[in-house]
Amino acid sequence: MNDEPQTLRDAHAAATARRPRSVAGMSEWLKFHQANARMYSEVDRWHHHELKDRVGFEERKAEEVAAQISLVKNGS
């Protein structure tokens, strides 16, 4: 049995269910957005344009979080 989301709606529900708490660490948020980008790129081809937008959003959020992590590590 495949536990991976098969539709856009399922993917939204999965992302919501595993969303980190607002006080979660930056690395947890980075992993969350990276996983979402992968998940959204693999579901429901009937919603290609919505998925493409969502993948782009998640990738941008992951890049923002990675940049914040880098700033903290570099002491800036």
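By convention here, the first residue in the shown sequence is residue 1. All values below come from the heavy atoms of this structure, side chains included, with hydrogens, waters and symmetry mates left out.
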- prompt: Rounded to the nearest 0.5 Å, how far apart are CG of Leu30 and CD of Glu63?
  reply: 10.5 Å
For the student: nearest non-hydrogen atoms of Val43 and Ala11, plus distance: CG2-CB, 4.1 Å
task: For the pair Met26 and Val72, evaluate side-chain contact (heavy atoms from CB on, under 4.5 Å) and give the outcome as yes or no after the intermediate values.
output: CA-CA 10 Å; Met26 298 302 276; Val72 169; 5.9 Å; no
field: CG on Leu51 to CD on Glu42, rounded to 0.5 Å
entry: 11.0 Å
- request: Using the test side chain to side chain contact (heavy atoms under 4.5 Å, CB included), find all partners of Ala15 that sit at least two apart in sequence or belong to another chain.
  value: Asn36, Met39, Tyr40
field: Donor-acceptor pair, side chain of Ser70 and main chain of Ala66, under 3.5 angstrom
entry: no
statement: Sequence neighbours excluded, the answer for side chain to side chain donor-acceptor pair (under 3.5 Å) partners of Arg60 is none
query: When rounded to the nearest 0.5 angstrom, what is the spacing between NE2 in His47 and CG in Asp53?
result: 12.5 Å
statement: Apart from Phe57 itself, members of its ILVMFWY cluster (side-chain separation under 4.5 Å) are none
statement: side chain to side chain contact (heavy atoms under 4.5 Å, CB included) with His33: of Glu58, Glu59, Glu64, only one passes, and it is Glu58
- request: Determine whether more than 12 heavy atoms belonging to other residues, nucleotides or ligands lie under 6.0 Å from atom CZ of Arg19.
  value: no
field: Same cluster (ILVMFWY, side-chain, under 4.5 Å), Phe32 and Ile69
entry: yes
task: Mind checking the CH2-NZ spacing from Trp29 to Lys61? Nearest 0.5 Å is all I need.
output: 8.5 Å
